[in-house]
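Reviewing the structure listed below.
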Amino acid sequence: MKKIPLKYIAVASVAALLGISGCKPKNAASAVSAGAAEKAYVAPGKYDEFYNFVSGGFSGQMSVYGLPSGRLLRVIPVFSVDPEKGYGYSEETKPMLNTSHGFVPWDDLHHTELSQTNGEIDGRWIFANGNNTPRIARLDLSTFRTSEIIEIPNSAGNHSSPFITENTEYVVAGTRFSVPPDNVNGDVPINTYKKNFKGTISFVSVDKTSGNMKIAFQLLCPGVNFDLSHAGKGPSHDWFFFSCYNSEQANTLLEVNASQKDKDFILAVNWKKAEEYLAQGKAKKQSVKYAHNVYDEKTHSATSTIETEVQVLDVKDFPDIAYFIPCPKSPHGCDVDPTGEYIVGSGKLAALIPVFSYTKLQAAIAAKDFIGNFGGIPVVKYESALYGEVKKPGLGPLHTEFDDKGNAYTSFFVSSEIVKWNIKDLKVLDRAPTYYSIGHLCIPGGDSRKPNAKYVIAYNKITKDRYLPTGPELSQSAQLFDISGDKMQLILDFPTIGEPHYAQAVSADLIKNKSVKIFKIEDNANPYVSKGEGETKVVRTGNRVDVNMTAIRSHLAPDNIEGIRMGDEVYFHVTNLEQDWDVPHGFAIKGSVNSELLVMPGETTTLKWIPDRVGMFPMYCTDFCSALHQEMSGYVRVSPAGSNTPISFSLGKNSDTTQLRQ
Ligand code: RUQ
Ligand code: CUA
């Protein structure tokens, strides 16, 4: 009999393990117990208690839900164009999506991270990572808009991001794919991975007042796949922890080849030490190219700047910056408890949860209790850093969040459940099935020093039979559990936008009162603003035509425009003159290959239009703004190239009823 080579058995078993999408519990439909409906019920006109910010995965957006109702409040465009809001389509927002690769209108947004002060959520900003073309975005929670996007050089697959330190000193970006650094020729054989591929971790500083981001420094690390991370807290404040897999340094068939070793690593980084070396001028300057895009609320416009340098510290040259801790097996989540003492690893292929002790780690480092090194970085002995293991918790642990009573909640993809366990004695306390195949989970403040642990929300990868069928694709599902008692209680399912990965939730009180309602028209510094109808105009400069127009209930000014010719580039700069909350106007013109514009009160937004034929082009407001919204419209006349129809524009000049068409 032929022997089956071992490696093929490994393929089969790993694939089988990961392919199980959770067995369906027999009483799936009856899993919701009595009283659940009241717990999730928020009466019409009443507000939810929490905002829930949910990553959109491959939609590139972030969505905002109210909890406990599960009401969808808003989808915020971040890395992907959004025709609903004109984001990435208006001239003012196009620069937000600029990168060193040019205009990139899509990304894969996995993680949301709220800004913190003293380890507590402060409600100022929320950060998001773009996984595919490595970027970090900062969203302003007074406008619920993307304010800034910074590209990450020397990176490919910005997955271990945008986790933050306790005072939002830094957001980090660990590369999922190791690659040759940007300043060397990457035209090398792929199987020279071990020699030529490097993993970088970027520390992006955040200005305390403006929130502006800057790449402070990058750590050059051996080639592995950085997956997730979390900063230390309290006693471990100066440290950051990164899970990594593929310590095998495989470059093909990773599902097998990167699953060989019994243990991969968590990388512990002393970022304070790295700061010291940086201050001493020990970092190497490296030339790179990355975009830094900033949206200005005064001009209502974004600018994109290409930056050309980063400071790099090669960790193998600075032995006290970084240490590897062995972690079983292909770790994914890397979570730090509210006290900052316990670091929880989650091996996707492990049947236990290792919990590391910060105190023991420090003692092991001081005693040089190392079992060798990996790529020049000391490897601490597993047992020396280990606090203990949660035995037989479930299959395929992914992520852990914490409550304020010393308990942890871990998601299990393979066994489709949330498991609650006690951090001190590592005993399992409760388990609740999820429908199905949970990825991330979220407790309000659950990765901060002050969890507000009323609920845990599961973000599931597979929905199957939970909702009415909608063809081959079903929306992913979130599930809300009440965790105020000893046992988790499922109270609600709600569909999500895109594929949710991480999400965070915060008490609505921290955000709702500072929400911007309008932009003051007198503060509008857009170069094309019209602060009243008297300022509107149509100006030709060569073949460029600028239309400075206004929108107010219920007309556009001007609404009759003539003298546009074939070959012109027309820019409609629409200022919304309203100074009243929730009265946007929209703008669209027939045949435009752009999306509409959606202009907020006091704001100016620009649509570029290149007419493609001679004729009459209606334009109109796209947002139902008043009883006479349908009347909010006008015409643009396009004449042939070289025509001598003069530029003219008007509002309120009606046609001569006695004049007949020739
Ligand atoms: S991931 S489901 Cu954060 Cu991209 Cu774990
Ligand atoms: Cu303005 Cu409809």
Side-chain angles (χ1 to χ4, degrees), residues 18 21-22 54-60 107-113 128-132 134 157-163 173-177 225-230 242-243 245 330-335 344-348 396-401 410-414 416 418 434 436-442 447 457-462 476 478 496 498-504 549-557 559 574-578 580 582-588 596-601 603 605 619-634:
L18 296 178
S21 55
V54 183
S55 62
F58 46 69
S59 82
D107 217 307
D108 186 14
L109 190 165
H110 282 216
H111 305 125
T112 56
E113 185 82 345
N129 68 322
N131 202 10
N132 184 53
N158 182 34
H159 194 264
S160 188
S161 178
F163 300 98
T175 189
R176 170 172 164 209
F177 302 110
N225 294 42
F226 290 105
D227 208 9
L228 282 144
S229 53
H230 264 103
F242 297 84
S243 60
Y245 62 102
S330 302
H332 186 58
C334 180
D335 300 289
V344 180
S346 284
K348 302 184 290 274
L398 290 187
H399 299 281
T400 300
E401 293 258 299
T410 301
S411 58
F412 287 81
F413 178 84
V414 178
S416 273
I418 298 176
T434 57
Y436 308 91
S437 299
I438 179 175
H440 276 273
L441 75 178
C442 154
D447 79 338
I457 309 102
Y459 300 93
N460 304 324
K461 300 297 183 190
I462 293 166
Q476 259 100 346
T496 61
E499 183 197 8
H501 292 251
Y502 194 34
Q504 291 201 323
M549 63 194 295
T550 58
I552 194 164
R553 282 164 288 181
S554 296
H555 57 271
L556 299 164
D559 66 359
V574 185
T575 300
N576 179 346
L577 292 177
E578 308 282 351
D580 195 358
D582 199 24
V583 190
H585 291 288
F587 179 81
E596 56 138 17
L597 297 177
L598 194 63
V599 195
M600 296 304 125
E603 187 180 43
T605 304
M619 55 184 177
Y620 72 102
C621 168
T622 52
D623 187 298
F624 209 108
C625 49
S626 76
L628 296 174
H629 155 80
Q630 287 295 82
E631 281 71 8
M632 195 167 176
S633 62

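Atoms within each ligand, like the ligands themselves, are counted from 1 in listed order.
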Enumerated ligand 1 atoms positioned under 4.0 Å from heavy atoms of [X]:
{"X": "Lys461", "value": "2 (S)"}
{"X": "His159", "value": "1 (S), 3 (Cu), 4 (Cu)"}
{"X": "Gly439", "value": "2 (S)"}
{"X": "Leu228", "value": "3 (Cu)"}
{"X": "His332", "value": "1 (S), 2 (S), 5 (Cu)"}

Open item on the list: Would you say that more than 12 heavy atoms from the other residues, nucleotides or ligands in this model lie under 6.0 Å from the CZ of Phe58, or not?
Closed with: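 Yes, CZ of Phe58 has more than 12 neighbouring heavy atoms, counting only those of other groups under 6.0 Å.
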
For residues [X] and [Y], report the shortest heavy-atom separation together with the two atoms involved.
{"X": "Cys625", "Y": "Pro584", "result": "CB-O, 4.0 Å"}
{"X": "Leu441", "Y": "Glu401", "result": "O-CG, 3.5 Å"}
{"X": "Phe587", "Y": "Thr622", "result": "N-OG1, 3.6 Å"}
{"X": "Tyr502", "Y": "Ser55", "result": "O-OG, 2.8 Å"}

Open item on the list: Taking N, O or S atoms only and a limit of 2.8 Å, check whether His501 reaches atom 5 (Cu) of ligand 1.
Closed with: no

Task: Option among His629, Arg553, Gln630 that satisfies the side-chain contact (heavy atoms from CB on, under 4.5 Å) test with Cys621 - done: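 Output: one option passes, namely His629.
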
Open item on the list: Using a 4.0 Å heavy-atom cut-off, which part of Asn131 comes near ligand 1: side chain, backbone, both, or neither?
Closed with: neither

Open item on the list: Between atom 2 (Cu) of ligand 2 and Asp623, which N, O or S atom of the residue is the nearest one?
Closed with: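 Of all N, O or S atoms belonging to Asp623, O is the one nearest atom 2 (Cu) of ligand 2.
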
Open item on the list: Which atom name would you report as the N, O or S atom of His629 nearest atom 2 (Cu) of ligand 2?
Closed with: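 Nearest N/O/S atom: ND1.
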
- [ ] Tell me whether His110 has at least one N, O or S atom under 2.8 Å from atom 3 (Cu) of ligand 1.
- [x] no

- [ ] Answer yes or no as to whether an N/O/S atom of His111 is found below 2.8 Å from atom 3 (Cu) of ligand 1.
- [x] yes

Task: Close aromatic pair by centroid cut-off 6.0 Å: His440 and Tyr459 - done: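 Ring centroids of His440 and Tyr459 are no less than 6.0 Å from each other.
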
TODO: Report the angle formed at atom 2 (Cu) of ligand 2 by atom SG of Cys621 and atom SG of Cys625, rounding to the nearest 10°.
DONE: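 Angle SG(Cys621)-atom 2 (Cu) of ligand 2-SG(Cys625): 120°, rounded to 10°.
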
TODO: Describe, in one word, how the ring planes of His332 and His399 are oriented to each other, choosing from parallel (under 30°), tilted (30 to 60°) and perpendicular (over 60°).
DONE: perpendicular

